[in-house]
There are 2 protein chains.
Amino acid sequence: MARPQSVEDSVVMASLSCVFRDVGYEGASLAMLAQATGLQKASLYHRFPGGKQQMAEEVLASALAWYETNILAPLRTEEPPTERLAQVVKHLDGFYSGGKQACLLNMLASPRAEFGPFSAAIKGAFEALVLAFAGLARDAGHDARAAKLRAERAVMLLQGSLVMSRGLGSSKPFKTFLAGLPDDLIGTPAAHTTPTRR
Amino acid sequence: MARPQSVEDSVVMASLSCVFRDVGYEGASLAMLAQATGLQKASLYHRFPGGKQQMAEEVLASALAWYETNILAPLRTEEPPTERLAQVVKHLDGFYSGGKQACLLNMLASPRAEFGPFSAAIKGAFEALVLAFAGLARDAGHDARAAKLRAERAVMLLQGSLVMSRGLGSSKPFKTFLAGLPDDLIGTPAAHTTPTRR
DNA sequence: GTCTATAACAGGATAGAC
DNA sequence: GTCTATCCTGTTATAGAC
């Protein structure tokens, strides 16, 4: 064995992920990725013979795997919906660093490159998340149709709050989203936001 | 006068806008922009001495101006809120081509380049839109705090629905958003989505 | 104002020593 | 496995003819 890994695989992935989430696929240059990981460009190519595309693919796959175990699986538990959701909210907050980190599903999606290397995974991820949220809403007592609508709205709000947080340079929109998520998914309609009517 | 403008200014801007909305700032190459406009690269530089950055800046400014007259101004009319909103929904549908075109506020925002040339304009645009939506919600009878919350949620849903439409390759999420916008901004809480409880 | 041609540079990718 | 050095392509940007 010639040399030991100077940087651990997991931290390489974390650094790459950070860059892609910040600047997107085309925005990420190899120089940037090398600096972020602490590896030289050639070393990166040793670990990712497929180049930048493979890096992004593995980062995406890794993020989706994390999502599956930390977000989707907890949503399918037998625990009471409120408890499940509390777990998920906590994990979401950590995953997006309180709104400071963007979502790969947004940063890697390019409509021009439909059928790009990411589009299938992205589409599947959106569908899976909607499904998981909808399951929770069903368990909370909503019928199938209403549950699906609530789930879709929740995903929109998640993505939209991240976009807005990025645009405003403030994590407030994301925090607002997290705070409202229980109501959006399981709350009664009247409990929504306005203390006005009722 | 040497040669006439072979391509009108307004159509140049439209073509540039289209490219930036599709692939973002770094994703757009001059070759791409030249082909989209029908001009040569050198001709583009004649109109935009500041290069790609100036093109993006002017495209953004132009889009924001359009937004001001076609979205924000109608929201501030004296007409009944429902009518104003109908106008706005129609314009939004056109502006985003039914969800097929992304939003520049999302595509040009890069958290890495905070204080980039676009961030100030983007931040201002988000704030203005929230303000305008909130004004409508107030006129519909909601108190200031509730109106602001509804407005923020509406902007999140707008951005999120666009992200989701792009990711799924379907305009359905955006259409769902448009359909629900009246309820979200002016509707009573109970009218929301679920026919289940109440 | 627009074009052809080209300079100057950065980006992605590879070779080969250690 | 990692490094230095290099290649090649595509990109930004400019010069100069028309």
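Letters go in sequence order (proteins before strands), and every chain restarts at 1.
Rounded to whole Å, the distance from CD on Gln35(A) to C1' on dC3(D) is 17 Å. For the pair Tyr45(A) OH and dG11(C) P, the interatomic distance rounds to 12 Å; values are reported in whole Å. Rounded to whole Å, the distance from CD on Glu8(B) to P on dT2(C) is 11 Å.
Counting only residues at least two apart or on different chains, the side chain to side chain donor-acceptor pair (under 3.5 Å) pairs with a member in residues 158-173 of chain A are Arg166(A)-Asn106(B). For residues 80-96 of chain A, the pairs satisfying side chain to side chain donor-acceptor pair (under 3.5 Å) are Tyr67(A)-Tyr96(A), Arg84(A)-Asp139(A), Asp93(A)-Lys175(A), with sequence neighbours left out. For residues 117-140 of chain B, the ring-ring contact (aromatic ring centres under 6.0 Å, His included) pairs, not counting sequence neighbours, are Tyr25(B)-Phe118(B). Legend: side chain to side chain donor-acceptor pair (under 3.5 Å) pairs involving residues 115-133 of chain A, not counting sequence neighbours: none detected. Applying the side chain to side chain donor-acceptor pair (under 3.5 Å) rule to pairs touching residues 40-58 of chain B yields Asp9(B)-Arg47(B), Gln53(B)-Glu57(B), Gln54(B)-Glu58(B), sequence neighbours excluded.
For the pair Cys18(A)/Gln101(A), a side-chain contact is recorded, criterion being any heavy-atom separation below 4.5 Å from C-beta on. You'll find the side chain of Val7(B) stays beyond 4.5 Å of the side chain of Thr37(B), heavy atoms only. Contact check for Leu168(B) versus Ile122(A): no side-chain heavy atoms found under the 4.5 Å cut-off.
Both tests pass for Arg21(A) against the ring of Phe95(A): distance under 6.0 Å to the centre and angle within 45° of the axis.
Checked by atom type and distance alone, the side chain of Arg150(A) pairs as donor or acceptor with a backbone atom of Asp184(A) at under 3.5 Å.
Taking a 4.0 Å limit (strictly below) on heavy-atom distances, residues 47-55 of chain A reaches DNA chain C at Gly51(A), Lys52(A). Within residues 11-34 of chain B, the residues having any heavy atom under 4.0 Å from DNA chain D are, by residue number, Ala28(B), Ser29(B), Leu30(B).
Under the side chain to side chain donor-acceptor pair (under 3.5 Å) criterion, Lys100(A) pairs with no residue, sequence neighbours left out. Applying the side chain to side chain donor-acceptor pair (under 3.5 Å) criterion to Glu79(A), with sequence neighbours excluded, gives no partner residue. The salt bridge (charged side-chain N to carboxylate O under 4.0 Å, His left out) test applied to Glu26(A) returns no partner, not counting sequence neighbours.
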Under a cut-off of 3.5 Å for both distances of each Watson-Crick or G-U pair, what dot-bracket string does DNA chain D give, using [ ] for crossing pairs and | for inter-strand pairs?
|||||||.||||||||||
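Between Ser6(A) and dG1(D), a side-chain N or O to OP1/OP2 separation shorter than 4.0 Å is absent.
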N/O contacts under 3.5 Å, protein versus nucleotides 4-9 of chain C?
none

